[in-house]
Visitor: 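Let me give you the structure first, and then I'll get to my questions.
Hydrogens, waters and symmetry mates play no part in the numbers below; they use all other heavy atoms, side chains included. Since the model is a prediction, treat every value here as computed from it, not as a measurement. A, B, ... follow the sequence lines: proteins, then strands. Residue 1 opens every chain.
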2 protein chains.
Amino acid sequence: MEHRIEKIKKQLHSQSYKLTPQREATVRVLLENEEDHLSAEDVYLLVKEKAPEIGLATVYRTLELLSELKVVDKINFGDGVSRYDLRKEGAEHFHHHLVCIECGSVEEIEEDLLLDVEKIVESQWGFEVKDHRLTFHGICRVCQKQAVAASSAEENKK
Amino acid sequence: MEHRIEKIKKQLHSQSYKLTPQREATVRVLLENEEDHLSAEDVYLLVKEKAPEIGLATVYRTLELLSELKVVDKINFGDGVSRYDLRKEGAEHFHHHLVCIECGSVEEIEEDLLLDVEKIVESQWGFEVKDHRLTFHGICRVCQKQAVAASSAEENKK
DNA sequence: CTCCCTGCAAAGACTTTGCATGACG
DNA sequence: CGTCATGCAAAGTCTTTGCAGGGAG
């Protein structure tokens with residue numbers, strides 16, 4: 001984990017930004033919650049546990065900065081909030097998401113499934129693809145099982 | 001166009017909603033600007049030209065309603081506003097978008113390029129796909145040409 | 001008469017900004 | 001010292017809600 005912080009520090013320095021304690025705390029929170037898709041408010045609350053004096057505005061400013069540096073991706077699942085997602089080590093493509101419409105869980109797909117599609121877009125639409133956002137909405141494994149369980153319970157009642 | 005309004009009217013009635021004059025005016029604006037990706041405010045201003053007494057809240061409520069009925073899709077390109085996009089006749093998949101990071105133009109892809117990808121997601125992740133959102137960010141044909149023109153102008157200067 | 005719909009204004013949620021203060025070289 | 005970063009509070013967006021009045025059946 002430390003080396004990832006070092007790396008981010010270098011990225012900041014290369015653009016003459018500093019890794020201040022607040023920024024570092026924010027980055028640590030993001031690293032520790034890599035699986036989640038935290039909103040600015042979520043990050044703020046978590047950072048506050050370690051550095052209670054931090055302000056919400058600083059968190060916003062830091063997330064904005066990290067977003068510019070492509071350290072995090074800002075995403076939006078359609079509820080009114082922006083969420084921030086750390087790019088994985090070495091990944092230059094933006095990972096995909098599976099959002100369950102039943103329970104709201106969000107799963108990530110690291111693998112890039114769009115290589116073929118991008119080729120088609122480039123050749124047929126003449127569009128030079130730089131990045132993509134792909135989200136599937138549907139029913140996750142867990143909720144599918146529950147649906148089956150519920151309907152068989154229904155069966156038993158008869 | 002009239003038959004599309006009729007169709008929407010029936011959809012509304014089937015859920016015991018009415019197609020009021022305000023709602024109809026809103027739908028007409030959406031139909032007349034199918035190519036664009038209007039924000040609620042945009043729709044409001046356009047509707048106002050025909051029906052000046054309409055309120056912004058009604059537009060929001062109508063768009064929300066149409067969204068529930070799957071007549072329009074609510075999308076979000078990362079600027080802070082929701083945009084509303086009419087579903088095409090008979091389409092049950094949500095079309096894809098090409099957003100140009102130079103000029104901000106948005107192009108649509110009707111064709112469903114994700115059929116194969118969805119199969120993979122279903123079989124390998126056990127996720128039952130119901131809908132998807134796919135947006136590519138990159139450089140559109142027009143801006144690519146301008147970039148070429150600009151760099152050759154640069155050449156000429158030498 | 002009842003229920004749904006509307007306009008207006010107010011409230012709300014999320015995010016950005018202005019400004020004085022503070023850290024750092 | 002000068003610059004960049006911070007915290008706080010205020011201001012901004014965009015969107016939703018409360019409520020009284022209206023309209024259709």
Side-chain angles (χ1 to χ4, degrees), chain A residues 8-29 37-69 71-85, chain B residues 8-29 37-69 71-85:
Chain A
I8 291 168
K9 188 172 181 177
K10 280 179 195 154
Q11 282 181 269
L12 285 165
H13 285 171
S14 74
Q15 314 270 316
S16 45
Y17 292 119
K18 299 171 200 164
L19 183 63
T20 62
Q22 290 91 334
R23 288 179 182 166
E24 182 170 339
T26 305
V27 170
R28 283 184 188 278
V29 163
H37 299 81
L38 303 174
S39 67
E41 185 89 33
D42 295 337
V43 174
Y44 172 60
L45 293 174
L46 288 167
V47 173
K48 239 184 156 168
E49 291 175 9
K50 315 180 166 188
E53 74 293 351
I54 200 170
L56 179 54
T58 302
V59 172
Y60 272 103
R61 283 187 280 233
T62 302
L63 290 172
E64 181 60 33
L65 182 59
L66 293 174
S67 190
E68 274 167 33
L69 294 177
V71 171
V72 302
D73 285 300
K74 190 172 177 178
I75 45 176
N76 206 301
F77 291 131
D79 53 349
V81 258
S82 296
R83 296 173 182 282
Y84 298 85
D85 216 356
Chain B
I8 291 168
K9 189 172 180 176
K10 280 179 194 154
Q11 281 180 271
L12 284 165
H13 285 171
S14 74
Q15 314 270 316
S16 45
Y17 292 118
K18 299 172 200 163
L19 183 63
T20 62
Q22 290 89 335
R23 286 178 185 168
E24 184 171 335
T26 305
V27 170
R28 282 185 189 278
V29 163
H37 298 82
L38 304 174
S39 67
E41 185 88 33
D42 295 337
V43 174
Y44 172 59
L45 292 174
L46 288 167
V47 173
K48 240 185 155 167
E49 291 175 9
K50 315 180 166 188
E53 73 295 350
I54 200 170
L56 179 55
T58 301
V59 172
Y60 271 104
R61 283 187 280 232
T62 301
L63 291 171
E64 181 59 34
L65 182 59
L66 293 174
S67 189
E68 275 168 31
L69 295 177
V71 172
V72 301
D73 285 300
K74 191 173 176 177
I75 45 175
N76 206 301
F77 291 130
D79 53 349
V81 261
S82 294
R83 296 174 182 282
Y84 298 85
D85 216 354

Visitor: Tell me the interatomic distance from B/Arg23, atom CZ, to D/dA24, atom P, rounded to whole angstroms.
Guide: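 Taking atom P of D/dA24 as the reference, CZ of B/Arg23 is at 14 Å.
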Visitor: B/Leu65 has an atom CG; how far is it from atom P of C/dC4, in whole Å?
Guide: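 After rounding, the reported distance stands at 13 Å.
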Visitor: Dump every N/O contact between nucleotides 12-20 of chain D and the protein below 3.5 Å, one line per pair.
Guide:
unit_1, atom_1, unit_2, atom_2, d
D/dT15, OP1, B/Ser82, N, 2.9
D/dT15, OP1, B/Ser82, OG, 3.2
D/dT15, OP2, B/Tyr60, OH, 2.5
D/dT15, O5', B/Tyr60, OH, 3.2
D/dG18, O6, B/Arg61, NH1, 3.4

Visitor: Would you indicate whether A/Tyr17, at its atom OH, is surrounded by more than 12 heavy atoms from other residues, nucleotides or ligands within a distance under 6.0 Å?
Guide: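 Not more than 12 within 6.0 Å, no.
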Visitor: Contact between B/Leu12 and B/Leu65 at the side-chain level, heavy atoms closer than 4.5 Å - yes or no?
Guide: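 Touching, per the 4.5 Å side-chain cut-off.
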Visitor: For B/Tyr60 and B/Glu64: C-alpha separation, side-chain torsions, deciding distance, then whether side-chain contact (heavy atoms from CB on, under 4.5 Å) applies.
Guide: CA-CA 6 Å; B/Tyr60 271 104; B/Glu64 181 59 34; over 6 Å; no
Visitor: For the pair made of CD in A/Glu53 and P in C/dG22, what is the distance, rounded to whole Å?
Guide: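 Rounded to whole Å, this separation is 14 Å.
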Visitor: Taking only heavy atoms on the protein side, list every residue of residues 8-22 of chain A lying under 4.0 Å from any atom of DNA chain C, sorted numerically.
Guide: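 Of all residues in residues 8-22 of chain A, none places a heavy atom under 4.0 Å from DNA chain C.
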Visitor: Would you please test A/Thr26 and A/Ile54 for side-chain contact (heavy atoms from CB on, under 4.5 Å) and show each step?
Guide: CA-CA 10 Å; A/Thr26 305; A/Ile54 200 170; 4.1 Å; yes
Visitor: Looking at every non-hydrogen atom in both residues, tell me the closest pair between B/Gln15 and B/Leu69 and how far apart they are.
Guide: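 Minimum heavy-atom contact is CG-CD2, 3.7 Å.
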Visitor: Return yes if some donor-acceptor pair links the side-chain N/O of B/Arg23 with the main-chain N/O of B/Lys18 below 3.5 Å, else return no.
Guide: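 Judged by distance alone, yes, a pair lies under 3.5 Å.
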Visitor: At their closest point, which heavy atom of B/Leu56 faces which heavy atom of B/Ala40, and how far apart are they?
Guide: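 In terms of heavy atoms, the two residues are closest at CD1-O, 4.4 Å.
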Visitor: Can you tell me the distance, in whole Å, between the CG atom of B/Asn76 and the C1' atom of C/dT15?
Guide: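 That distance rounds to 14 Å.
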Visitor: If you define the side chain from C-beta out and look only at heavy atoms, does anything of B/Glu41 sit under 4.5 Å from B/Val81?
Guide: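 Sidechains of B/Val81 and B/Glu41: no contact.
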